[in-house]
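What you see is a predicted model; the values in this text were computed from it and never measured. Below, chains carry the letters A, B, ... as their sequence lines are ordered, and counting in each starts from 1.
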2 protein chains.
Amino acid sequence: MKDNIEQLLRAHDVSPTAMRMIVLDYLVDQPSALSLADLETALRPADRITIYRSLRTFEEKGLVHSIDDGSGITKYACCASDCGPFGHHDVHVHFVCRGCQETYCLPRTQVPELGLPQQFLSEEVNLVVKGVCAACNR
Amino acid sequence: MKDNIEQLLRAHDVSPTAMRMIVLDYLVDQPSALSLADLETALRPADRITIYRSLRTFEEKGLVHSIDDGSGITKYACCASDCGPFGHHDVHVHFVCRGCQETYCLPRTQVPELGLPQQFLSEEVNLVVKGVCAACNR
DNA sequence: GAAAGCCTGCAATGGGATTGCAATGTTAGC
DNA sequence: GCTAACATTGCAATCCCATTGCAGGCTTTC
């Protein structure tokens, strides 16, 4: 089990410490993105700052991406396999449920070329959809 | 001049106080979205909290919308004329320049129906494009 | 086995958003 | 025109999350 996690860390040039494995192991299984506070609660009594720095390291190495879903609280989720240390997808699509407040990563969808004003150069696109998720939609 | 502003406020059911007129008058002329700190500086010595509450009131009444462009700092811009007290556009498109850090509202562009998972209901879409604006792109 | 470097955890800081409350201004009724 | 009721303003204080400083512990390497 944990071998996967360890390999994943090594593959991304992150030394697999106990703490990091705990954090990553928990994160990979999540269906939705988690905030630092979520992780702190779930992984208690692990130290919040250590989790925070683990996430930063992961993000730097392309294992995880951080999401600003408009709530003002940063959330984290594992990257799709084609993110690398030199950049993530340049298109992120997330869904925030008004009911349960969960943030889900959506499979990359076709985002059209936008009609930007003359001379404007697009480098990265973040799309946040708000609404109601399946579980809350009944 | 200010008659416009006053009427705009009244039309949205906001009492046109001196402070609110100053804030709104300044805001309508801006080509890009402003943070609270921007407004505080521009409107000195007006009180920051008062500006903040004016913006909240404006937002509530559909005069202004707030933007979270991913910088962690909320910015504000006037709504297009078809925003009302019962909801704003459900599609917001903004552009953040990596050079000058300005946030521009883009004219509503064609945003395609996204392939949401089964039973997911979309109510609002926020699209933030990051890149380089015309002024910085040379 | 010792030095160097990385990792961890506690404490403290920073910055923006938000609220409490008293003072002031505005409105409406008489 | 006066007064009571209500809305707005401004100061101070608080809250919350993100971030950093630093010292101690662990790991790795030679």
Rounded to whole angstrom units, what separation is found between the NZ atom of B:K61 and the C1' atom of D:dT8? 13 Å
Atom CD1 of B:I22 and atom C1' of C:dG25: how far apart are they, to the nearest Å? 15 Å
Parallel, tilted or perpendicular: rings of B:H94 and B:H65 (30°, 60°): tilted
Is A:R20 reaching over with its side chain to a backbone N or O of A:S15, donor-acceptor style, under 3.5 angstrom? yes
Determine the contact category for A:S35: base if any of its heavy atoms lies under 4.0 Å from a base atom, sugar-phosphate if only primed atoms, P, OP1 or OP2 are that close, otherwise nothing. nothing
Distance check: side-chain N/O of A:S15 vs OP1/OP2 of C:dC7, anything under 4.0 Å? yes
For this output row, return yes or no: ring centroids of B:F120 and A:Y104 closer than 6.0 angstrom. yes
Which nucleotide in the list C:dG9, C:dT19, D:dC11 gets nearest to the side chain of B:D47? D:dC11
Closest to the B:L36 side chain: C:dT8, C:dA17, D:dA18? C:dA17
Would you mind reading off the distance between B:L34 atom CG and C:dG16 atom C1', rounded to a whole angstrom? 16 Å
Nearest-nucleotide check on DNA chain D, A:R53 vs B:T17; residue mapping nearer the 5' end is B:T17
Without decimals, in angstroms, what is the distance between A:D69 CG and D:dC17 P? 13 Å
Using a distance-only criterion (donor-acceptor N/O pair, under 3.5 Å, no hydrogens), is the base of C:dG16 paired with the side chain of B:R48? no
Given atom CZ of A:R56 and atom C1' of D:dT20, what is their separation to the nearest angstrom? 10 Å
Grab the CE-P distance between B:M19 and D:dC11 for me, whole Å please. 11 Å
B:N137 side chain to B:V132 backbone, donor-acceptor under 3.5 Å: no
If only side-chain N and O atoms count, and only distance matters, is there a donor-acceptor pair under 3.5 Å linking B:T41 with B:D38? no
To the nearest angstrom, the CG-P distance between B:D38 and C:dG16 comes to 11 Å
Can you measure A:E60 atom CD to C:dC6 atom P for me and round it to whole angstrom units? 13 Å
Options C:dT18, C:dA17, D:dA18, nucleotide nearest the side-chain atoms of B:I49: C:dT18
Under 4.0 Å from OP1 or OP2 of C:dT18: is there any side-chain N or O of B:Y52 that close? yes
